[in-house]
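Every chain is numbered from 1 and lettered A, B, ... according to where its sequence line falls, protein lines coming before strand lines.
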Protein chains: 2
Amino acid sequence: MADDTTAIDWTPKARQILAAANELFYSRGIHAVGVDAIAERAGVTKKTLYDRFGSKERLVVAYLVGRDQAWRSFLADRLTEAGGDPATRLAAVFAASAAWTAEHSRKGCSMINAHAEISDPSHPAYPVIVGQKQWMLDLFATIAADADAADPAATGRSLMLLHEGALVAAGMGVIPDAYALAGRDAHDLLAGRPPVSA
Amino acid sequence: MADDTTAIDWTPKARQILAAANELFYSRGIHAVGVDAIAERAGVTKKTLYDRFGSKERLVVAYLVGRDQAWRSFLADRLTEAGGDPATRLAAVFAASAAWTAEHSRKGCSMINAHAEISDPSHPAYPVIVGQKQWMLDLFATIAADADAADPAATGRSLMLLHEGALVAAGMGVIPDAYALAGRDAHDLLAGRPPVSA
DNA sequence: CGGTGAATAAACAGATCTGTATAGTTATCG
DNA sequence: CGATAACTATACAGATCTGTTTATTCACCG
């Protein structure tokens, strides 16, 4: 009887369920995958799934929170490796996205994809989705500020556009090496061009 | 008995059904909307829906083809208005996207959203989705070529990144005036910066 | 005036979906 | 050793979903 507020009990089986949900929700879509399929892939009874997560909706939220956390920690590692230089840090973001896509995200950004399926802004997954984008936007603005951009917020938004564009283009396979291209453009934008001011 | 190849008989009711499908599929998602809901919104019997479209899958394809055609014709009108100057044409593309979003596309790009839900590349809607992106990419490359870019294909891809990024950012509401910003960046990229070459 | 096609109305089939109930198993732990 | 928690197995309830069937109405058209 896990309601919206109670935390999830992370038993080993719960982790297996989340791993199965991650694979299926991501590759086939949230609405297209039923809880039976997830339980079967996890090698678990449907009752166990409901004992751990309470509802499909809560499992969906856990799926998105899990991906969000994994991405943030993945990126954080690469950023500490990158050191303090803003240009290097910026390059690390695009390189991290490229590596992440190759490993875990071949069908595009899971947050963008989830946003396509979850229309109701009052859905508990909504803040997770928008929160990740906001976090990335803040990161780009910080990098722009560290690079002494005249208008760090505006430059951060421009960098964000390039990054989101690469996410989509890579996810649909319409631009080869989308991250490399976007990374070069972002670098040029941060370093060379007179700032875009309103 | 309409199979995959036979054309759709565009009776008045068929157009009502497509209009209803357009509203519901776009706002709630393809998998989340049932044919009963579409028939009801269209003021039509489910039998009529199946007599006209044969299956939900064919209705989905018609929905995406319809949006694709509407967008292309909408954009084509603005491009003829814009005349021959590449920079003006480029600005017209981003202005058209902004206007289109305000009128018909408040929840992001329908092709990107459909791609999130349709995982199977052999789905008949797949070429429609990727086809629109390819067409936009060609358009940007043509504009870059008309502007005498050193590498029109590469510049076209960069412009595409900015445009796709604006689609996502606007659809998720994370960047205000995303199209205006992306349009300025695209203009600067086309006009000012030394070309990015591999 | 008779036929044809488009449509309504409404029930139904069969599958699938979320979620629950019941009963039993296993392992740990005080 | 007995309680508790995690889990299996399985059946079920009720809703919803795609798609079909049957019967009927209505308008147009040769």
Give me the distances for all protein-to-nucleotides 5-7 of chain C N/O pairs that come in under 3.5 Å?
residue : atom : partner : partner atom : Å
C:dA6   : OP1  : B:Asp9  : OD2          : 2.8
C:dA7   : OP1  : B:Thr11 : OG1          : 3.1
C:dA7   : OP1  : B:Lys13 : N            : 3.4
C:dA7   : OP2  : B:Thr11 : OG1          : 3.3
C:dA7   : OP2  : B:Arg52 : NE           : 2.8

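- The nearest whole Å value for the distance from the NZ atom in A:Lys46 to the P atom in C:dT18 is 8 Å.
- Under the rule for a side-chain contact (heavy atoms from CB on, under 4.5 Å), A:Ala19 has no partner lying at least two apart in sequence or in another chain.
- Residues passing the side-chain contact (heavy atoms from CB on, under 4.5 Å) test with A:Ala116 are B:Asn113, B:Ala116, sequence neighbours excluded.
- In this structure, the CD atom of A:Glu40 is 14 Å from the P atom of C:dT18, given to the nearest Å.
- Under the ring-ring contact (aromatic ring centres under 6.0 Å, His included) criterion, A:Phe25 pairs with A:Tyr63, sequence neighbours left out.
- Take A:Ala170 and apply the side-chain contact (heavy atoms from CB on, under 4.5 Å) test, not counting sequence neighbours, and it matches A:Ala178, A:Tyr179.
- Legend: salt bridge (Lys or Arg N to Asp or Glu O under 4.0 Å) pairs involving residues 131-144 of chain B, not counting sequence neighbours, sorted by first then second residue: B:Lys133-B:Glu164.
- When the side-chain contact (heavy atoms from CB on, under 4.5 Å) test is applied to A:Val35, the partners found at least two apart in sequence or on another chain are A:Lys46, A:Leu49, A:Tyr50, A:Lys56.
- Note that the first and last nucleotides of DNA chain D, 5' to 3', having any atom under 4.0 angstrom from a heavy atom of chain A are D:dA6 to D:dT10.
- Near-neighbour residues of DNA chain C inside residues 16-39 of chain A, defined by a heavy atom below 4.0 Å, number-ordered: A:Val33, A:Gly34, A:Val35, A:Asp36.
- Pairs passing the salt bridge (Lys or Arg N to Asp or Glu O under 4.0 Å) check and including a residue from residues 165-176 of chain A, sequence neighbours excluded, do not occur.
- Following rounding to the nearest Å, A:Phe53 (CZ) and C:dT18 (C1') show an atom-to-atom distance of 16 Å.
- Legend: side chain to side chain donor-acceptor pair (under 3.5 Å) pairs involving residues 14-27 of chain A, not counting sequence neighbours, sorted by first then second residue: A:Asn22-A:Arg67, A:Glu23-A:Arg41, A:Tyr26-A:Ser105.
- Under the salt bridge (Lys or Arg N to Asp or Glu O under 4.0 Å) criterion, A:Arg106 pairs with no residue, sequence neighbours left out.
- B:Leu49 places its CG atom 11 Å from the P atom of C:dT8, with the value rounded to the nearest Å.
- Using a 4.0 Å cut-off between charged side-chain N and carboxylate O, A:Arg184 and A:Asp188 make no salt bridge.
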